[in-house]
Amino acid sequence: MEPQQTTSPLVPLAVGGGPSLPQGDPGLSLSEGDAHAPGTTSADCVQSLQRIEGLLAGRMNNRFRPYGLSTATFNVMLVLSRAGGSLSPCDIGEELSVTRGTVTGLLDSLERQRLVRRTPHPKDRRMLLIELTDEGRDILDRLMPEHIQGMGQLLACLSESEKKAFAGVLAKLQDHLHASGSPTAAQH
């Protein structure tokens with residue numbers, strides 16, 4: 001994840017009604033009765049985001065599996081690569097909005113595969129720093145072109161202006177959720 005972004009002006013997006021989430025289907029909506037009841041649109045949005053997250057996770061895990069990675073371990077490696085050096089486990093957790101325990105498990109997995117290494121912090125012996133190994137950088141170099149192409153294919157149904165508007169809406173929602181307090185971030 002990137003540091004908090006300021007959102008750009010938003011272009012309205014149509015929500016609901018597509019073939020994957022029929023609007024007003026009582027089996028898919030949290031709200032009972034009137035489709036115009038307060039909260040119905042919000043519930044439909046949240047349910048749609050949850051479904052999309054599940055679909056994306058499946059696609060991403062299928063892409064990463066041949067490299068011995070999951071989406072979560074890939075994200076750790078990507079954070080380290082973007083940092084251009086070593087990071088503390090706490091920094092990685094903050095970047096990914098996950099708990100310290102989650103980061104430890106992901107690092108254990110990546111270290112067993114020799115994709116990252118833990119090194120002592122030069123100024124604080126209680127801390128460790130995490131860095132990519134040459135093998136980790138090699139996997140990212142091989143994987144990234146395929147990953148970038150795959151992301152393009154996932155959003156091929158959207159025009160460039162729709163992608164920009166969607167990115168703006170998602171950034172605004174992400175900013176709101178961070179500002180209102182993330183339960184996982186509070187556990188660091």
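Residues take their numbers from the sequence shown, with the count starting at 1.
The closest side-chain heavy-atom distance from P89 to L107 is below 4.5 Å. Here the side chains of H121 and L128 are not in contact, with every heavy-atom distance at 4.5 Å or above. S97 places a side-chain heavy atom less than 4.5 Å from the side chain of H178. Residues I139 and R142 form a side-chain contact, since some pair of their non-hydrogen atoms from C-beta on lies under 4.5 Å apart. You'll find the side chain of L115 stays beyond 4.5 Å of the side chain of L132, heavy atoms only. Counting only heavy atoms from C-beta outward, the side chains of L96 and V103 never approach each other to under 4.5 Å. Considering only heavy atoms from C-beta on, M60 comes within 4.5 Å of L154 through its side chain. Proximity of T104 to T99: side-chain heavy atoms (C-beta onward) are nowhere separated by under 4.5 Å.
A pairwise comparison of heavy atoms in L78 and L140 identifies N-CD1, 4.5 Å as the closest pair. Across G150 and R63, no two heavy atoms sit closer than the pair CA-NH2, 3.1 Å. A pairwise comparison of heavy atoms in L129 and S86 identifies CD1-OG, 3.7 Å as the closest pair.
Inspection of the Q113 and Y67 side chains reveals no N or O donor paired with an N or O acceptor under 3.5 Å. Side-chain atoms of R59 and N62 form no donor-acceptor pair, as typed in the model, at a separation below 3.5 Å.
At distances below 3.5 Å, at least one donor-acceptor pair connects side-chain atoms of T133 with backbone N or O atoms of R114. Side chain of S180 to backbone of H176: a donor-acceptor contact under 3.5 angstrom is found.
Under a hydrophobic clustering in which Ile, Leu, Val, Met, Phe, Trp and Tyr are joined whenever their side-chain heavy atoms come within less than 4.5 Å, directly or via other members, I52 and V46 fall into different clusters. Residue L55 is not grouped with residue L155 when hydrophobic side chains (ILVMFWY) are merged at heavy-atom distances under 4.5 angstrom, including chains of intermediate members. By the rule that hydrophobic residues join a cluster once side-chain heavy atoms approach within less than 4.5 Å of another member, V76 and L56 end up as members of one cluster.
We find the NZ-CE distance between K163 and M151 to be 10.5 Å, quoted to the nearest 0.5 Å. Here the CG-CG distance, from L173 to L49, works out to 6.5 Å after rounding to the nearest 0.5 Å. Remark: I148 CD1 to L143 CG distance equals 9.5 Å, nearest 0.5 Å. To the nearest 0.5 angstrom, E95 atom CD is 11.5 Å from C90 atom SG. In this structure, the separation between CZ on R118 and CG on L110 is 9.0 Å, given to the nearest 0.5 Å. Distance CD1/I130 to OG1/T119: 7.0 Å, rounded to 0.5 Å.
Between F64 and H147, the angle of the ring planes lies from 30° to 60°, which puts this pair in the tilted group.
Among residues at least two apart or in separate chains, salt bridge (charged side-chain N to carboxylate O under 4.0 Å, His left out) pairs with a member in residues 125-134 are R117-E131, D124-R126, D134-R137.
Among residues two or more places apart in sequence or in another chain, the side chain to side chain donor-acceptor pair (under 3.5 Å) test is passed with T71 by N61. Listed by chain and number, the residues in a salt bridge (Lys or Arg N to Asp or Glu O under 4.0 Å) with D91 amount to none (sequence neighbours excluded).
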Working for salt bridge (charged side-chain N to carboxylate O under 4.0 Å, His left out), residues R112 and D108: CA-CA 6 Å; R112 277 192 301 274; D108 289 346; 5.1 Å; no
